Amino acid sequence: MIPWTNLVVAFISFLVTALVAVRGKGIMQVIPFLIGIVVGYIVAAALGMVDFTQALTANVIEIPKFYVPFLHYDLNFAAVLTIVPIALVTMVEHVGDHKVLSEIIGRDLIEDPGLQRTLLGDGVATFVAAFLGGPANTTYGENTSVVGMTRVASTYVIGLAAIVAIIFAFSGHLTALLTAIPQPVLGGISVLLYGFICVNGLKILIHNQVDFNNTKNVVVAATMLVLGLGGATLSVVSGDLSLSISGMALAAIVGVILNICIPEENHE
């Protein structure tokens with residue numbers, strides 16, 4: 001049974017974010033998610049859901065732990081082959097995010113600066129991050145939904161946010177406070193985040209006037225929807241090697257194959 005405090009915090013976080021996004025003025029309307037997280041955090045703390053022990057005992061300045069190849073870990077090519085299919089997921093999400101961003105800002109990012117350049121930047125950033133033991137730096141649909149809600153798509157803003165994030169990484173107290181954000185707060189915010197991702201995708205379908213009276217389009221879209229949301233996984237296991245494709249990657253691959261193989265509907 002879910003504690004009532006979790007539901008209260010999640011609902012307040014969601015409601016505050018939605019109200020600020022709709023009714024906020026000026027800078028308030030630009031940072032609805034930040035305001036929702038702060039308010040939800042305060043409510044959660046008031047209800048005794050936040051443990052500040054780590055934040056109180058943390059050092060003022062802490063050096064993030066970096067991983068050096070052959071010193072902290074050895075290269076494992078079997079693991080590399082296992083993780084390769086995930087690149088399909090990031091590429092599919094990359095293309096989708098840039099299509100959505102193009103629609104939001106009124107500029108075709110697939111043509112300018114070009115998909116080959118953005119994919120290269122995506123790959124290099126993720127390679128460097130993984131090389132030093134960090135998380136993937138691919139494009140994220142959550143960030144696309146933030147752009148859609150705030151209408152702020154300036155690369156200078158993204159660069160400044162990156163600098164702030166780097167500074168935060170060296171602050172033990174701030175890192176501990178961010179780590180202590182309760183899951184109900186993030187859960188309430190995520191409802192809007194992922195909802196915006198879905199709506200932005202629908203806007204692209206509407207803008208491109210996809211004909212869902214065409215049975216082929218319905219079959220392709222329905223199959224991709226079920227595979228993408230249903231958690232379907234395609235796995236190939238051979239000895240110590242295991243390859244799995246799931247989620248958006250599987251949905252995209254199946255969608256492309258169906259679109260090629262299924263003939264156009266004959267209206268004669």
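All of these numbers come straight from a predicted model, not from anything done at the bench.
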Could you walk me through whether Ser13 and Val9 pass the side chain to side chain contact (heavy atoms under 4.5 Å, CB included) test, one step at a time? CA-CA 6 Å; Ser13 301; Val9 170; 4.1 Å; yes
CA sep, side-chain torsions, deciding dist, call: Ile37, Ile181, side chain to side chain contact (heavy atoms under 4.5 Å, CB included): CA-CA 8 Å; Ile37 290 175; Ile181 297 177; 4.1 Å; yes
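Cluster membership check: Val191 shares its hydrophobic cluster with Val20, using side-chain heavy-atom separations under 4.5 Å among Ile, Leu, Val, Met, Phe, Trp and Tyr. Hydrophobic clustering (side-chain heavy atoms under 4.5 Å, transitive across Ile, Leu, Val, Met, Phe, Trp, Tyr) keeps Ile158 apart from Phe168. Connection of Phe52 to Leu47 is established within a shared hydrophobic cluster, with ILVMFWY side chains joined at heavy-atom distances below 4.5 Å, either directly or through further cluster members. In the hydrophobic clustering of this structure, Ile262 groups with Leu227; members are Ile, Leu, Val, Met, Phe, Trp, Tyr whose side-chain heavy atoms approach within less than 4.5 Å, directly or through other members. Leu193 and Leu15 are assigned to two separate hydrophobic clusters, defined by single-linkage of ILVMFWY side chains at heavy-atom distances under 4.5 Å.
Note on residues 216-227: pairs passing salt bridge (Lys or Arg N to Asp or Glu O under 4.0 Å), not counting sequence neighbours, are Lys216-Glu264. Among pairs with a residue in residues 30-57, those fulfilling side chain to side chain donor-acceptor pair (under 3.5 Å) read Asp51-Thr53, at least two apart in sequence or across chains.
Note that CD1 of Ile12 and CG of Leu7 are 11.0 Å apart. Values are rounded to the nearest 0.5 Å. Atoms CG and CG, on Asn259 and Asn217 in that order, are 7.5 Å from each other to the nearest 0.5 Å. Between Leu132 atom CG and Tyr67 atom OH the span is 11.5 Å, to the nearest 0.5 Å.
Within 6.0 Å of CG on Leu71 lie more than 12 heavy atoms contributed by other residues, nucleotides or ligands. Shown here is Phe212, whose CZ atom has more than 12 heavy atoms of other residues, nucleotides or ligands within 6.0 Å.
A distance-only check finds a donor-acceptor pair linking the side chain of Ser102 to the backbone of Arg107 [under 3.5 Å].
Shortest non-hydrogen contact noted between Thr5 and Met49 is CB-SD, 3.7 Å.
Remark: His173 engages no residue in a ring-ring contact (aromatic ring centres under 6.0 Å, His included) (not counting sequence neighbours).
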